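Input: a single structure, listed below in structure tokens.
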Amino acid sequence: QFHMIKYEDLKWDESLGQGSFSRIFRGTKMDIRDGEKRETEVLLKELDGLHKNCWESFFEAASLMSQISHRHLLLVYGVSVFGAKNIMVQEFVKYGALDLYLKRGRSVSVSWKLDVAKQLASALNFLEEKNIVHGNICAKNLLLAREGDPSQGSSPFIKLSDPGINVAFLDKDVILDRIPWVAPEVLEAPDNLTLECDKWSFGATLWEIFNNGNAPLRGWDLDRKRQFYETFQQLPPSQWTELADLISQCMDYQAGNFGSVELCRYDPLGDNTGELVAVKKLQPNKQ
Ligand SMILES: N#Cc1ccc(Nc2nc(N)cc(-n3cnc(CCO)c3)n2)cc1
């Protein structure tokens with residue numbers, strides 16, 4: 001289910017940084033078209049050696065992206081395996097990851113952000129229609145193919161990247177660190193990803209986009225992040241009511257695989273001033 005690319009047809013240019021379990025490089029792949037040699041600029045994503053045992057998951061994530069094509073889904077040309085090296089060969093997307101682009105202080109307009117949000121929504125709608133779960137929606141996995149120029153009225157263009165290693169293969173701490181992008185039910189059952197999980201992550205990614213690429217709960221340690229879910233907290237609401245409503249509809253503790261909801265008082269100080277919170281009991285899915 002994958003196009004195998006010969007290692008000798010690849011050429012590495014400069015390193016572009018570090019994903020969580022991979023290193024990325026600019027490069028070229030050589031192929032023959034109409035009988036002549038052609039070099040295509042590519043992004044080489046190399047799985048790092050210590051995660052060798054998840055190479056199937058690494059490639060499975062990519063093959064998910066190459067089984068279907070959509071204007072806002074990254075094009076994956078194929079894979080190359082050479083000794084211990086596992087390399088995914090992707091189309092080179094001109095401006096790279098959206099979170100870095102926004103953090104670099106590009107001041108972009110609200111309509112620029114709305115365009116990006118709509119494009120992400122259309123990619124997720126497409127995946128949902130195919131009943132395909134991505135599992136790692138976040139601004140780092142949105143790639144900017146076109147900057148868009150407000151003076152020319154041209155809008156940005158994004159591509160959703162591959163999800164990387166499946167969350168079921170990740171250590172608990174890595175999953176905790178993905179709070180608030182990872183849906184709460186994934187912490188209990190990381191091998192049961194559903195479309196609801198992508199909806200939750202969509203909410204956190206919207207928050208990122210409209211907060212100029214700043215990560216939600218930035219700098220929080222794992223215990224504080226875990227508590228964020230245990231006390232059913234929400235992200236700080238956006239200044240735009242409709243956006244705040246959309247984000248809280250996506251990041252809805254009820255919608256996941258939670259069973260009955262029982263209201264009780266969460267009373268940390270023991271002086272009965274605690275706020276009323278909902279206590280959810282994890283129940284097996286009713287279906
Ligand atoms: N300066 C700069 C610069 C860097 C990168 C690109 N291009 C590109 N193309 C892709 N296909 C994937 C990525 N990419 C970026 N970060 C990840 C890991 C998180 O997914 C993947 N970047 C363009 C310019």
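Note that the coordinates shown come from a computational prediction; the quantities given were computed from them, not determined experimentally.
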**Asked** Excluding sequence neighbours, so at least two apart, what forms salt bridge (charged side-chain N to carboxylate O under 4.0 Å, His left out) with Glu56?
**Response**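 Expected list: none.
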**Message:** So, using salt bridge (charged side-chain N to carboxylate O under 4.0 Å, His left out) as the criterion, who are the partners of Glu128 when residues are at least two apart?
**Reply:**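 None.
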[X]: partners by side-chain contact (heavy atoms from CB on, under 4.5 Å), with sequence neighbours left out:
{"X": "Asp99", "answer": "Ala97, Lys103, Ala139, Lys140, Glu208"}
{"X": "Ser15", "answer": "Phe25"}
{"X": "Asp191", "answer": "Ala168, Ala189"}
{"X": "Gln233", "answer": "Trp220, Phe228, Thr231"}

Looking only at atom types and distance, does a side-chain atom of [X] sit under 3.5 Å from a main-chain N or O of [Y], one as donor and one as acceptor?
{"X": "Asn211", "Y": "Gly213", "result": "no"}
{"X": "Glu91", "Y": "Leu75", "result": "yes"}
{"X": "Asp162", "Y": "Gly164", "result": "yes"}

**Asked** Which is it for Asp13 and Lys11 under the salt bridge (Lys or Arg N to Asp or Glu O under 4.0 Å) test, yes or no, and what are the steps along the way?
**Response** CA-CA 7 Å; Asp13 294 329; Lys11 193 165 66 65; 3.4 Å; yes
**Asked** When rounded to the nearest 0.5 angstrom, what distance separates CD1 in Ile179 from CH2 in Trp181?
**Response**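 Ile179 CD1 to Trp181 CH2: 10.5 Å, rounded to 0.5 Å.
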**Prompt:** At what distance, to the nearest 0.5 angstrom, does CD of Gln90 lie from CG of Leu143?
**Reply:**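 It comes to 7.0 Å.
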**Message:** With no hydrogens and no angle check, just 3.5 Å: does a side-chain donor-acceptor pair link Gln234 and Tyr253?
**Reply:**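 Gln234 vs Tyr253: no donor-acceptor pair found between side chains.
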**Asked** Any side-chain donor-acceptor pair under 3.5 Å between Glu46 and Asn86?
**Response**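 Distance-only check fails for Glu46 and Asn86.
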Do [X] and [Y] have ring centres separated by under 6.0 Å?
{"X": "His72", "Y": "Phe126", "value": "no"}
{"X": "Tyr229", "Y": "Trp200", "value": "yes"}
{"X": "Trp112", "Y": "Phe210", "value": "no"}

Which heavy atom of [X] sits nearest to which heavy atom of [Y], and what is that distance?
{"X": "Pro180", "Y": "Ala204", "result": "O-CB, 3.6 Å"}
{"X": "Ser161", "Y": "His134", "result": "O-NE2, 2.7 Å"}
{"X": "Ala123", "Y": "His70", "result": "CA-CE1, 4.0 Å"}
{"X": "Ala215", "Y": "Trp207", "result": "C-CZ3, 4.1 Å"}

**Request:** Sort out for me which residue in Arg226, Arg218, Lys225 forms a salt bridge (Lys or Arg N to Asp or Glu O under 4.0 Å) with Asp177.
**Result:**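 Result for salt bridge (Lys or Arg N to Asp or Glu O under 4.0 Å) with Asp177: Lys225.
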